[in-house]
Amino acid sequence: MATPTRVLHVAAEVFPVVKTGGLADVVAALPVAQAQQGADTRLLLPGYPAVLESLDGARGIIDIGACFGALRVRLLLGRLSGSRLPAYVIEAPYLYRREGSPYQGPDGEEWPDNLQRFALLGWVAAHLAAGDADPAWVPDIVHAHDWHAAMACPYVAEHPPTPAATVFTVHNLAYQGLFPMHDWALLGLASRLLAPSGLEYHGQLSFMKAGLKFADRITTVSPTYAREIATPEFGCGLDGVIRGRGAQVLGILNGIDDAVWNPATDDAIAERYDAERWQGKLACRRALQQELGLDQDDGALILTVVSRLTAQKGLDLVLGALPDLLAQGVQLAVQGTGDPALEAAFAIAQRSHPGRVQVCIGYDEARAHRLIAGADAIAVPSRFEPCGLTQMYGLRYGTLPVVRRVGGLADTVTDVRQPGGTGFVFDEATPAALAACVARAVATKRDPAAWHAAMARAMAQPLSWGGPAREYLALYEEVRAGRGGRAGG
Ligand code: ADP
Ligand code: GLC
C-alpha cells in the first residue's frame, strides 16, 4: 500500500480556537476532509494563549532556542481539543503570548513585530519540511494559507535539499503582509531575494508576494477569483505576479463543514430542520424575531447580514438601500464588527427603525447560526469576495442568498431566473441594484411554491469539503510528480 501523503497545513487561525474570518473555518475543515480521504495531515500554528490552552496531550518536539527576537522558542505537538488532527504549535511567549486578535493590538494597530511573528511561522514550517524539527514526521507537502504563512515558501525554496513541495492558498489578496525594507535582515534570506523578482514590492517587503513567487503551486478559493486576481481591478497590485505564474494558479472552491453548519444537527438554533421538515425553520424565524425584538410578522422578508464590517463586504450598499428595503417591508438583522464608521451607521439605522432593523455589533458564533437559520435571505453584496462562506451557510439553511456577481459568490449562487436557481444575483455595486435584487426576493417570497422550490434546491447543493479535498490532493500529486517548476529565486 502506498504511504499516505503527508500534508502540513500552516496557518494563523483555526476554528473554533482563533477565528477572525472564513480562513479559520477552512483550516479547521479541509485538513480533516483530507484525512478522511487517506492523507496524513497535520497543522502548524502560532502558540497564542487560546491555542496553547486547547492543546491536549502536548509534548515538546524540539527546543529551538532564541530566534526572531524571542528568547525561548519551542515546538510542541498535541491535538486541539475536539479535533482528531495532530497540531504542531510554536511556543514563543515573547511573540505570541497576547490576548485578542492574532494580528492587532487592542488599539486596532497591527502588532509592530508581525514580521517576526509570521516569519517564524514559515521558518518553522521549512524546518519541519527539511526533517530537522521532527524527523519522525516529514511532510511531502507544505500547504501555506494566506500571507501569515507565506514565508514558508521562500524558506523551503531556499533550502534545496528539501523534498517537500509547497502550495500557497490565497484567501484574500487584499491583506498582503507588508513590512519596511529595513527589516530585511531579520528574515535571514539571501540578499538576491531583496529585489522586485523576489520579496520586494514597491519599496516594501511583501509576504504575500513571497508566497506567490516561491510556492510550487498557487491556489485561491474560487475559480472566478482565480481569474479576477489576474486583472488590475482585483489584483491589488499583484496581478502581474499572478499572471506571471500562468497555469500554476488554480481556483478550488471552498466547502462548508457539515459538522458545524447543518440545520438538521445544529445545537445553537431554536428547532432543527431539513429539506423535508420545514416547520423547524418557521420556529427559528419566530424565535429570531423575538430574540432581536423584530416585529412578529410572518409575512415580512427577514434579510440578514453576518459579516466583518469592512469596505470589501459592500455593506455601505445595504445602508444606502435601507429606505428602499424598508419600503418593501423587509426586516433587517445585522451582526458584524469592524470599521467604526460602519458600526456607527448601522447602530443609527437600528435606533431609527425599531422593530424593523436590529443590529448586533460584535462577534457571536452561536447567534450567527440563529441569524442564518431564522432569516429568509442573507445579503452578501461584496465589492470583491474570494469565496465567501456565509452565502453557502445560507444555502445549507434554506436562507436564500442575495449576492453580487463577483468571486466565489458568482460560483456558488445561481439566480432564480436561471434553471436550478438558488438565490438572487446582481451586478452593479450600487444601492439601487441591491434594492432591486431584494425586491425580486420579496416578490418570490409572495409565491410560496416558488420560494420553497428555490429553498429545496439551495439546501440540496453539494457543498461538502469532500470534493475540494479531493481536488487539493490531486494537485499535491501533480506537483509532486512534476517538481522542478518552481518560480522565483
Ligand atoms: P471573510 O473570511 O472574508 O470574513 P467568509 O464569508 O469567508 O468571509 O467567512 C466569514 C466567517 O466569519 C463565517 O464563518 C461567518 O459566520 C463568520 N463571521 C463573520 N462576522 C461574524 C460575527 N460578527 N459574528 C459571528 N460570526 C461572524
Ligand atoms: C477570506 C475571504 C473569503 C473566504 C475566506 C476563506 O477571508 O475574504 O471570501 O471565504 O477567506 O477562504
Side-chain angles (χ1 to χ4, degrees), residues 9 11-16 18-30 101-103 143-149 168-176 208 219-226 228-229 234 236 251-257 259-261 266 268-269 304-315 333-339 342-343 346 358-373 375 378-397 399 401 403-404 406-413 463 465 468 472:
H9 284 274
E13 314 186 8
V14 62
F15 173 84
V18 189
K19 170 167 168 176
T20 72
L23 170 64
D25 292 5
V26 173
V27 175
L30 169 62
S101 159
Y103 316 118
H143 189 152
H145 296 269
D146 261 352
W147 73 262
H148 330 111
F168 177 53
T169 296
V170 177
H171 292 265
N172 195 333
L173 197 61
Y175 300 94
Q176 301 187 347
M208 177 61 86
T219 73
T220 188
V221 287
S222 70
T224 295
Y225 193 60
E228 288 172 345
I229 56 178
F234 292 96
C236 303
I252 299 179
L253 199 61
N254 285 334
I256 64 174
D257 190 341
V260 181
W261 292 95
D266 192 332
I269 63 179
T304 192
V305 169
V306 177
S307 184
R308 291 185 291 116
L309 302 181
T310 66
Q312 167 188 349
K313 300 294 180 179
L315 297 171
V334 177
Q335 174 164 287
T337 168
D339 177 359
L342 282 170
E343 289 185 356
F346 275 110
Q358 182 62 40
V359 177
C360 309
I361 298 297
Y363 193 94
D364 184 331
E365 198 72 39
R367 190 160 49 209
H369 284 244
R370 296 199 295 277
L371 283 160
I372 291 175
I378 180 163
V380 192
S382 307
R383 292 206 150 70
F384 68 93
E385 194 60 73
C387 179
L389 297 175
T390 57
Q391 83 282 5
M392 293 204 263
Y393 300 152
L395 291 169
R396 191 79 185 80
Y397 282 68
T399 304
V403 302
R404 195 161 162 250
V406 71
L409 302 172
D411 292 338
T412 51
V413 182
L463 301 171
W465 270 106
Y472 279 110

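When reading the values below, keep in mind they use all heavy atoms of this one structure, side chains included, and skip hydrogens, waters and symmetry mates. Read the numbers this way: they start at 1 and go in the same order the structure lists the ligands and their atoms.
Where the criterion is an N or O separation shorter than 3.5 Å, residue side chain and backbone included, Thr20 fails it with respect to ligand 1. By the 3.5 Å distance cut-off applied to N or O atoms, Asp364 is counted among the residues near ligand 1. Residue Glu365 has no N or O atom closer than 3.5 Å to an N or O atom of ligand 1. Ligand 1 has a nitrogen or oxygen under 3.5 angstrom from a nitrogen or oxygen of Lys19. The shortest N or O to N or O distance between Cys387 and ligand 2 is under 3.5 Å. Polar contact with ligand 1: present for Gly22 (N/O pair, distance under 3.5 Å). Ligand 1 has an N or O atom lying under 3.5 Å from an N or O atom of Leu389, backbone or side chain. Checking only distances, Asn172 never comes within under 3.5 Å of ligand 1, N or O to N or O.
Between the side chains of Tyr393 and Gln391, no donor-acceptor pair is found at a separation under 3.5 Å. Inspection of the Tyr103 and Glu13 side chains reveals an N or O donor paired with an N or O acceptor under 3.5 Å.
In terms of protein heavy-atom proximity, atom 12 (O) of ligand 2 is nearest to His171 ND1, 2.7 Å. Nearest to atom 8 (O) of ligand 1 among the protein's heavy atoms is Lys313 NZ, 3.1 Å. Summary of contacts: the protein heavy atom closest to atom 23 (N) of ligand 1 is Gly362 O, 2.8 Å. With respect to atom 4 (O) of ligand 1, the closest heavy atom belonging to the protein is Arg308 NE, 2.6 Å. For atom 24 (N) of ligand 1, the closest non-hydrogen atom of the protein is Gln335 NE2, 2.8 Å. Of the protein's non-hydrogen atoms, the one nearest atom 27 (C) of ligand 1 is Tyr363 CE1, 3.3 Å.
When heavy-atom distances to ligand 1 are checked against a 4.0 Å cut-off, Cys360 has no atom that comes that close, whether in backbone or side chain. Proximity of Thr390 to ligand 1, defined as any heavy-atom pair under 4.0 Å, is shared by backbone and side chain alike. Only the side chain of Asn172 comes within 4.0 Å of ligand 2, counting heavy atoms alone; its backbone N, CA, C and O stay farther away. Within the 4.0 Å heavy-atom criterion, neither part of Gln391 lies near ligand 1. Within the 4.0 Å heavy-atom criterion, the part of Asn254 lying near ligand 2 is the side chain and not the backbone.
If you number the atoms of ligand 2 from 1 as listed, the ones under 4.0 Å from a heavy atom of Gly388 come out as 3 (C), 4 (C), 9 (O), 10 (O). Close contacts of ligand 2 with Val26, meaning ligand atoms under 4.0 Å from a residue heavy atom, involve 6 (C), 12 (O). Counting the atoms of ligand 2 from 1 in the order shown, those under 4.0 Å from a heavy atom of Val221 are 12 (O). Listed by number with element, the atoms of ligand 1 under 4.0 Å from a non-hydrogen atom of Asp25 are 13 (C), 14 (O). If you number the atoms of ligand 2 from 1 as listed, the ones under 4.0 Å from a heavy atom of Pro386 come out as 2 (C), 8 (O), 9 (O). Distances below 4.0 Å separate heavy atoms of Glu385 from the following atoms of ligand 2: 2 (C), 3 (C), 8 (O), 9 (O).
In this structure, Thr304 contributes its side chain and Ala333 its backbone to a donor-acceptor pair below 3.5 Å. Put simply, the side chain of Asp146 gets close to the backbone of Asn172: a donor and an acceptor are under 3.5 Å apart.
Of the candidates Gly408, Ser307, Ala366, the one placing a heavy atom closest to atom 20 (N) of ligand 1 is Ser307. With atom 8 (O) of ligand 2 as the reference point, the heavy atom nearest to it among His145, Glu13, Gln312, Gln391 is part of Gln312.
Rounding to the nearest 0.5 Å gives a distance of 11.5 Å between CG of Leu371 and OG1 of Thr390. Residue Arg308 holds its CZ atom at 12.0 Å from CG of Leu342, rounded to the nearest 0.5 Å. Going from atom OG1 of Thr337 over to atom CG of Asp364 covers 12.0 Å, rounded to the nearest 0.5 Å. From Ile229, atom CD1 reaches atom CZ of Phe384 across 11.5 Å, with rounding to the nearest 0.5 Å. Within the model, atoms OG1 of Thr220 and CZ of Phe168 stand 9.5 Å from one another, a figure rounded to the nearest 0.5 Å.
Looking only at side-chain heavy atoms (C-beta outward), Thr169 and Thr219 come within less than 4.5 Å of each other. Counting only heavy atoms from C-beta outward, the side chains of Glu365 and Pro16 never approach each other to under 4.5 Å. A heavy-atom distance below 4.5 Å is not found between the side chains of Val26 and Val221. Considering only heavy atoms from C-beta on, Tyr225 stays 4.5 Å or farther from Glu385 through its side chain. Here the side chains of Leu463 and Trp261 are not in contact, with every heavy-atom distance at 4.5 Å or above. With a 4.5 Å cut-off on side-chain heavy atoms, Thr20 and Pro102 count as touching.
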* Asked: Given the rule in the side-chain contact (heavy atoms from CB on, under 4.5 Å) test, do Ile378 and Ile372 qualify, once you have shown the distances and angles that lead to the verdict?
  -> CA-CA 7 Å; Ile378 180 163; Ile372 291 175; 4.0 Å; yes

* To do: Go through Tyr175 and Met208 one step at a time and tell me if the side-chain contact (heavy atoms from CB on, under 4.5 Å) criterion holds.
  => CA-CA 8 Å; Tyr175 300 94; Met208 177 61 86; 6.0 Å; no

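Residue Tyr393 places a heavy atom under 4.0 Å from ligand 1. Taking 4.0 Å as the cut-off, Gly336 counts as a neighbour of ligand 1 on heavy-atom distance.
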